[in-house]
Structure formats: structure tokens, C-alpha cells
Q: 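For reference, the structure I am asking about is given below.
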Amino acid sequence: MVTMKDVAQAAGVSQAAVSYAYNRPEKLSAGQRQAIMETAARLGYAGPNAVGASLRSGRSGAIGVMLMDTLQYAFTDPSTRCLLEGIVRTRRFDDLALTLLPLPRGGEQAALRGLVDGVIVHSLPDDHPALLTLRSRGIPIVVVDAPRLPGVPLVGIPDRAAAREQVEHLLGLGHRRLGIIAERLVPDGFRGPVDAGRRARCAERVVRERITGYQEACEAAGLDFDRVPLVEAGGFDLAAGVPAALGLLSDNDVTAVVATSDTMAIAVLEAARQLDLRVPEDLSVVGFDDAPEAEPHGLTTIRQPMVHKGQLAAELLFALLRGDPRPDDVDLPTELVRRRTSGPCR
């Protein structure tokens, strides 16, 4: 087997120069690199062994992003796409790989058998077993949104306050018969109306905070929150959201709906269309995220900086990989964006 030493001797250069030709070409002139690569091709040298290099350096050159759903979710969920865009915006990914680590419901994290230098965790339920695996291996972690882990930096937003703003906007328009649609409270496959007992068992920090915000706003306005219908879709996409929204609108006399995501809000708009409800004349709808799909639907929503979230999470993770002290948590601002899906109660 031809080695790097053989190539160096044949080309009349050092082994370091051969290594630079493959891994750091900017260290050599174009002529030097071409001569080394031609010598390597003539001798049949395939290049440095990637596994060996990884073992020697203790780094794999890959960063993981852990998602609580299938791989397809990473490419179809609008907010997650924005998050991933932000993560890879940092120039440090010019020389790194991004590894997606999906966690379908009930599945174990087989992807962690591979090598990653650090992991960005996005919206996992409380106490997910994959988190214990990560921490037991000493893998650097940064969390986006959830869960909150002791000693682990988190990039998030004031979910509870933003959720209160959703409800307060509708209350200010005169609405008192409100409905709520949420993606998932517990990752157990349940779909349908949610009672106080299930609310208390909510394992999803973001949804829990937003529902608590809804409750605070309703109670401050004198509304009995236990009488406000709340429906759980059991999933994150329109396929789960539209049936849940149809149930919410068909079974309850509501004039406005708040949704824990724009996808769920768009599901409500589709259900309203199927039920011949006019928006906002018969029904007002407020979403959360201001995902790219929100503006074309004219959706009133809470804007959060998803791209910036991803970018900050990547920067914090690289700080940990450099050995810097644990970064502080980051709480990014939100704002209510008023569009045509919300209007006065009639």
C-alpha cells in the first residue's frame, strides 16, 4: 500500500507538504500542489485515511442537529428549515459537515453511534433518553428552545409572554370565545381535545410555556380557562393539523383561534375554508413563528428570529468546542405582526 511517506519521497517534499496538498491547499502554491497530486496519482495513492486522521485529532469534523421527528420534518417544517439555514450561515461550516439526527417517536438515537463533535438539540421533550446518552458521552450541547438542561446553554425566546400577546391581541378585538390548537403536548400519539390533567402532563417545554401564557391572559381577562377548548394535533404538519382544526371548529362555538405555530394556524385556515367560515369576518386566527408561509396567507402571527436562533446556537457550540467557558443563555425578542387573518369580533 502506497503511503504518504512514499509520495513525499517521490515528489521530493516533506510529508507535511503532502498533507497540506489534501487538507490545507492554501498552504502551498498551485504549482506545488499540482506536482504532489500528480505524483500521488501516478503512485496510486488515494489520500490520507479519514478515520485515522479523525482518531489522531479527536475530532470528526461534523456537528449534529438533533430533531424530535423524522428526517422529512427537517425539510418540510418551515421553522426548522429557517433554523437550519441559520446554523449553516456561520463561515465555520465551510470546512465542516452537518449531520441531522432525527428522533422519531419511540425511536432510539442510532445516529449517535457515529461521530459528531457537538450537537445542537432542537425542541426535544423533557427527559428524552437521547439527552442522557449525549451527556454521558461528554458531547458538547447547545439547546434551541427545549428542553432546559442544567449547565447547558439555551437559545430561546420569551414563549410565555409572546403567547400572552397572541391572546391579548384577540381580546383587544373583542373576542371572548377563544379556541387553541397545539401540535403536541406529550409524544404518545394522542390526538384530540385536551383536559386539565393532560395539560399538567405536558412534556414539551415550548408548548407548555405558550399554553401557560394563554391561560394567564385569559384569566387576567376574567375568562375560565378550563372552558377554553384546546385541541392537540399529535403532529407538526398540516396532515395532523387540519383534522384537529376541523374538530375544534366543528365542536365549539369559537370566534377566534390561537395556534402554537404557523403550521397549525394555516391548518385552521384550511379547516375554516372547508367549513365555509370567512376569515376574519367569522373567525380570527393568530399563529406563532412568522415562518415564510405566514405572509402569503396574510397570517397575523408572532414573529421570532428563527434564522438568528440557528446562527447563535452554532456560534455558542463552536465556543464550547474551543474550550471557552459555558456561554450564557440567550433570550431573543419577538413581536406581533398584524395581518388580515385577525379582525374585530362580530
Side-chain angles (χ1 to χ4, degrees), residues 160 162-186 188-202 204 206-289 297-302 339-346:
R160 189 180 301 191
R164 285 199 303 267
E165 194 171 7
Q166 283 180 285
V167 172
E168 288 165 355
H169 170 65
L170 293 171
L171 294 172
L173 293 171
H175 294 278
R176 292 297 182 272
R177 299 197 306 275
L178 307 179
I180 301 167
I181 182 170
E183 301 102 316
R184 185 177 67 193
L185 277 71
V186 182
D188 58 5
F190 174 83
R191 302 180 178 190
V194 173
D195 59 18
R198 187 165 179 84
R199 289 204 316 264
R201 297 193 303 275
C202 182
E204 306 276 357
V206 169
V207 172
R208 183 169 62 243
E209 285 291 292
R210 293 179 189 178
I211 291 174
T212 300
Y214 301 152
Q215 182 174 0
E216 291 175 352
C218 286
E219 292 178 348
L223 301 181
D224 182 356
F225 191 69
D226 287 333
R227 298 176 65 86
V228 176
L230 167 59
V231 171
E232 182 176 355
F236 299 93
D237 56 13
L238 290 176
V242 172
L246 285 168
L248 174 64
L249 299 181
S250 299
D251 298 341
N252 301 279
D253 182 19
V254 298
T255 64
V257 174
V258 289
T260 56
S261 73
D262 285 344
T263 299
M264 292 298 106
I266 292 169
V268 174
L269 297 180
E270 172 58 22
R273 186 192 66 79
Q274 294 183 26
L275 296 172
D276 293 323
L277 294 173
R278 298 169 301 163
V279 176
E281 293 83 359
D282 302 321
L283 181 73
S284 286
V285 182
V286 180
F288 202 116
D289 290 332
H297 285 86
L299 184 63
T300 296
T301 187
I302 295 291
R339 297 193 180 103
R340 63 177 182 269
T341 62
S342 61
C345 179
R346 301 188 183 183

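Small disclaimer: the values here were computed from a predicted structure and weren't measured.
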Q: Mind checking whether Pro229 and Asp251 have side chains closer than 4.5 Å, heavy atoms only?
A: no
Q: Quick one: which residue pairs count as a ring pair (Phe, Tyr, Trp, His ring centres under 6.0 Å) with a foot in residues 237-256, not counting sequence neighbours?
A: none
Q: Quick one: does Val254's side chain get under 4.5 Å of Leu249's, heavy atoms only?
A: yes
Q: Quick check: closest heavy atoms across Val231 and Val194, and the distance to 0.1 Å?
A: C-CG2, 4.4 Å
Q: Using atom types as modelled and distance alone, determine if a side-chain donor or acceptor of Arg201 lies under 3.5 Å from a backbone N or O of Gly197.
A: yes
Q: My understanding is that only residues two or more places apart in sequence, or in another chain, count here; which of them pass side chain to side chain donor-acceptor pair (under 3.5 Å) with Thr255?
A: His175
Q: What is the minimum heavy-atom distance between Ala265 and Gly287, and which atoms define it?
A: CB-CA, 3.6 Å
Q: Can you tell me how far the CD1 atom of Ile302 sits from the CZ atom of Arg164, to the nearest 0.5 Å?
A: 11.0 Å
Q: Distance from Asp282 atom CG to Asp276 atom CG, nearest 0.5 Å?
A: 9.5 Å
Q: With side chains defined as the heavy atoms from C-beta onward, is the minimum distance between Glu183 and Thr260 less than 4.5 Å?
A: yes
Q: Do Thr341 and Val268 touch side chain to side chain, with heavy atoms closer than 4.5 Å?
A: no
Q: To check you understand the geometry: which heavy-atom pair defines the closest contact between Ser284 and Leu170, and what is its length?
A: CB-CD2, 3.9 Å
Q: Output yes when a side-chain donor or acceptor of Thr301 lies under 3.5 Å from a complementary backbone atom of Phe288, and no otherwise.
A: yes
Q: State the CD-CD distance between Glu204 and Glu232, to the nearest 0.5 angstrom.
A: 9.0 Å
Q: Should Leu269 and Val279 count as side-chain neighbours, where that means a heavy-atom distance under 4.5 Å?
A: yes
Q: Considering non-hydrogen atoms only, spot the tightest contact between Ala271 and Ala245 and give its length.
A: CB-CB, 3.6 Å
Q: Measuring from atom CG of Leu283 to atom CZ of Arg177, what distance do you get when rounded to the nearest 0.5 angstrom?
A: 11.0 Å
Q: Do you know the tightest heavy-atom contact between Leu230 and Ala182?
A: CD1-CB, 4.3 Å
Q: Any chance you could lay out the side chain to side chain contact (heavy atoms under 4.5 Å, CB included) test for Leu178 and Val258, step after step, and finish with the verdict?
A: CA-CA 8 Å; Leu178 307 179; Val258 289; 5.8 Å; no
Q: Can you check whether Tyr214 reaches Val228 side chain to side chain, under 4.5 Å on heavy atoms?
A: no
Q: Looking at Val242, is its backbone amide N or carbonyl O close enough to the side chain of Glu270 to form a donor-acceptor pair, meaning the two atoms are under 3.5 Å apart?
A: no
Q: Side chains of Ser342 and His169: do they bring a donor and an acceptor to under 3.5 Å?
A: yes
Q: For Ala163 and Arg210, work out which heavy atoms get closest and say how close.
A: CB-O, 3.2 Å
Q: Enter the distance from Arg160:CZ to Glu165:CD here, rounded to the nearest 0.5 Å.
A: 15.5 Å
Q: For the OG1 atom of Thr263 and the CG atom of Asp237, what is their distance to the nearest 0.5 Å?
A: 8.0 Å
Q: Which donor-acceptor pairs under 3.5 Å do the side chains of residues 217-227 make with protein atoms, sequence neighbours left out?
A:
residue: Glu219; atom: OE2; partner: Gln215; partner atom: NE2; Å: 3.1
residue: Asp224; atom: OD1; partner: Asp226; partner atom: N; Å: 3.1
residue: Asp226; atom: OD1; partner: Arg199; partner atom: NH2; Å: 3.1

